[in-house]
Trainee: 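Provided herewith is a single structure, encoded as structure tokens, for subsequent inquiry.
First listed ligand is number 1; within each ligand, the first listed atom is number 1.
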Amino acid sequence: MKYNTQVIDNSKRSIAKAADLLTNGEVVGIPTETVYGLAGNAFDENAVSKIFIAKGRPSDNPLIVHISSIDMLDGLVENVPELAKKCAEEFWPGPLTMVLKKTDRIPDITSGGLDTVGIRMPSHKTARAIIDKCKLPLAAPSANLSGSPSPTTAQHVLNDMDGRIPCIVDGGYSPVGVESTVIAFEENAIKLLRPGFISVDDLKTITDNVLVDKGVLTMLKNDAVVASPGMKYKHYSPSADVVLIDSDCDSFKEYVANHSDKDTWCMVFSDSDLDGVDIPCISYGTTDTEQAHQLFDVLRKLDDVGAKKVYARCPSKTGVGLAVYNRMLRASGFQVIKL
Ligand code: TXA
Ligand code: MG
């Protein structure tokens, strides 16, 4: 344990302290509207290498660079395609990351050796205040240990990062709960690399030409060449063996009643899903936005209760549900039972 990790509030004074640490090449846990990020100066190779070490992240998995104003794009990217300008106008600040051609000012370590960089302008007040204060673009992956569920509270960050970073800014529960939508641009199309709160239908308000990368819904091999390297890694996993059950409520109930033992838990939409069946459960919400909001907290709670096997009800796959489904596919290692 190198650091005595401090959790600080999001007062003006704390924001100044976080900005000061960032300016001095340190790594700070910061709240955003999606999930908490592990932030460092995107221009500083040394700071960025500390992020990779704290997370235990594979070096070929690029980081997202966070800005607080459109002017900060200058110098970070070579050019901004028309479609990207429209997306920025419509969805920034907010949970959308755009992959654009990077300039030499972004070191290779930040972009995982790619010639592109993912840029996002968060809407979270505290995240924006920290960027404004240090006047630096901040590289920030989700603030979890690599492979664990993303953090949606400062406590989640502390659980994973205690002793690994000097400071975490507490900005409350992340309202969205799943990471940003990641897109790239091809000719006249938007390519979805990772689904998030900005849905395919939202993107279709910019152009009809929205393609979904094959990595969103299918398992990729670890040595695969992929558009978004993060998609090939096992992710968001609690220690339990998670199985997604794609079915209606009655079939779910019948299946789990016949396949559970004493260490089995269920992840359901609402507690009433298991009426009449005596298996412990945690509910993650009945709408796709509720499910997105609670997903990672529930995955972490399943670890806390010591679940060994988890049968999870499958989310909707449309709207924000696609993001929840994408994360659940990874949490389950693509184990889906369709009934
Ligand atoms: O909401 C979010 O995006 C959060 C908060 C903190 O902003 N950040 C986040 O970062 O989720 P991370 O590092 O956990 O996930 C970044 C994802 C990865 O799947 C990565 O492969 C992809 O974005 N990505 C980043 N830069 C890319 C690039 N240049 N090309 C393709 N994919 C990229
Ligand atoms: Mg992540």
Trainee: Taking 4.0 angstrom as the limit and counting only heavy atoms of H66, give me the atoms of ligand 1 inside it, by number and element.
Mentor: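 Taking each heavy atom of H66 in turn, ligand 1 has 5 (C), 6 (C), 7 (O) under 4.0 Å.
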
Trainee: Say whether Y36, considering both its backbone and side-chain N or O atoms, lies within less than 3.5 Å of an N or O atom on ligand 1.
Mentor: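 By distance alone, the answer is no.
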
Trainee: Side chains of Q155 and Y173: donor-acceptor distance under 3.5 Å anywhere?
Mentor: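 The criterion, which ignores hydrogens and geometry beyond distance, is not satisfied for Y173 and Q155.
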
Trainee: Please say whether more than 12 non-hydrogen atoms of neighbouring residues, nucleotides or ligands are located less than 6.0 Å from NZ in K317.
Mentor: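 More than 12 heavy atoms, drawn from other residues, nucleotides or ligands, come within 6.0 Å of this atom.
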
Trainee: So, do H293 and Y284 have ring centers that fall under 6.0 Å from each other?
Mentor: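 Between Y284 and H293, which both carry aromatic rings, the centre distance is not below 6.0 Å.
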
Trainee: Does any N or O atom in T32 lie less than 3.5 angstrom from one in ligand 1, N or O only?
Mentor: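 Between T32 and ligand 1, no N or O pair is found under 3.5 Å apart.
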
Trainee: Looking at A140, which atoms of ligand 1 are within less than 4.0 Å of one of its heavy atoms?
Mentor: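 Under 4.0 Å from A140, ligand 1 has these atoms: 6 (C), 8 (N), 10 (O).
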
Trainee: Counting each atom of ligand 1 from 1 as listed, which ones have a heavy atom of T116 under 4.0 Å away?
Mentor: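 Result: 28 (C), 29 (N), 30 (N).
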
Trainee: Give the atoms of ligand 1, by number and element, whose distance to some non-hydrogen atom of V99 is under 4.0 Å.
Mentor: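 Atoms satisfying the 4.0 Å criterion: 28 (C), 29 (N), 30 (N), 31 (C).
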
Trainee: Side chain to side chain contact (heavy atoms under 4.5 Å, CB included) for I337 and D246? Distances and angles first, verdict last.
Mentor: CA-CA 6 Å; I337 294 175; D246 192 351; over 6 Å; no

Trainee: Taking the side chain as every heavy atom from C-beta outward, state whether I67 and M121 have any pair of such atoms under 4.5 Å apart.
Mentor: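 Touching, per the 4.5 Å side-chain cut-off.
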
Trainee: Check each of D297, D303, D304 against K301 using the salt bridge (Lys or Arg N to Asp or Glu O under 4.0 Å) test, and report the only one that passes.
Mentor: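 With K301 as partner, salt bridge (Lys or Arg N to Asp or Glu O under 4.0 Å) holds for just one option, D297.
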
Trainee: For ligand 1, which atoms, with element, lie under 4.0 Å from some heavy atom of V117?
Mentor: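 Result: 29 (N).
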
Trainee: Quick one: does ligand 1 sit under 4.0 Å from the side chain of R57, the backbone, both or neither, non-hydrogen atoms only?
Mentor: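 Side chain only.
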
Trainee: Under the rule for ring pair (Phe, Tyr, Trp, His ring centres under 6.0 Å), what residues qualify as partners of Y311, not counting sequence neighbours?
Mentor: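 By the ring pair (Phe, Tyr, Trp, His ring centres under 6.0 Å) rule, Y311 matches Y255.
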
Trainee: What pairs meet the side-chain hydrogen bond (donor to acceptor under 3.5 Å, both in side chains) rule with one or both residues in residues 269-280, with sequence neighbours excluded?
Mentor: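 As it turns out, the side-chain hydrogen bond (donor to acceptor under 3.5 Å, both in side chains) pairs with a partner in residues 269-280, which skip direct neighbours, are S270-S272, D271-S283, D273-R313.
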
Trainee: Is N144 close enough to the Mg ion (ligand 2) that one of its N, O or S atoms comes in under 2.8 Å?
Mentor: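 Checking the Mg ion (ligand 2) against N144, no N, O or S atom falls under 2.8 Å.
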
Trainee: Below a 4.0 angstrom heavy-atom separation, can you tell me which part of T34, side chain or backbone, both or neither, approaches ligand 1?
Mentor: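 It is the side chain that gets close, since no backbone atom is under 4.0 Å.
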
Trainee: Under 4.0 Å from any heavy atom of L114, which atoms of ligand 1 are there?
Mentor: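 That gives atoms 28 (C), 29 (N), 30 (N) of ligand 1.
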
Trainee: Is the closest side-chain donor-acceptor distance between R327 and S150 under 3.5 Å?
Mentor: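 No, no side-chain donor-acceptor contact under 3.5 Å.
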
Trainee: Please check whether E179 reaches ligand 1 - meaning an N/O of the residue sits under 3.5 Å from an N/O of the ligand, judged on distance alone.
Mentor: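 For ligand 1, there is no N or O atom that lies under 3.5 Å from one belonging to E179.
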
Trainee: Between D9 and S11, do the side chains contain a donor N or O and an acceptor N or O under 3.5 Å apart?
Mentor: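 Side-chain D/A pair, S11 to D9: present.
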
Trainee: For ligand 1, indicate whether the residue N61 contacts it via side chain, backbone, both or neither (heavy-atom separation under 4.0 Å).
Mentor: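 Within the 4.0 Å criterion, N61 contacts ligand 1 through side-chain atoms alone.
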
Trainee: Give the atoms of ligand 1, by number and element, whose distance to some non-hydrogen atom of G118 is under 4.0 Å.
Mentor: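 Taking each heavy atom of G118 in turn, ligand 1 has 26 (N), 29 (N) under 4.0 Å.
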
Trainee: Distance under 4.0 Å to a non-hydrogen atom of G37: what atoms of ligand 1 satisfy this?
Mentor: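 Under 4.0 Å from G37, ligand 1 has these atoms: 6 (C).
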
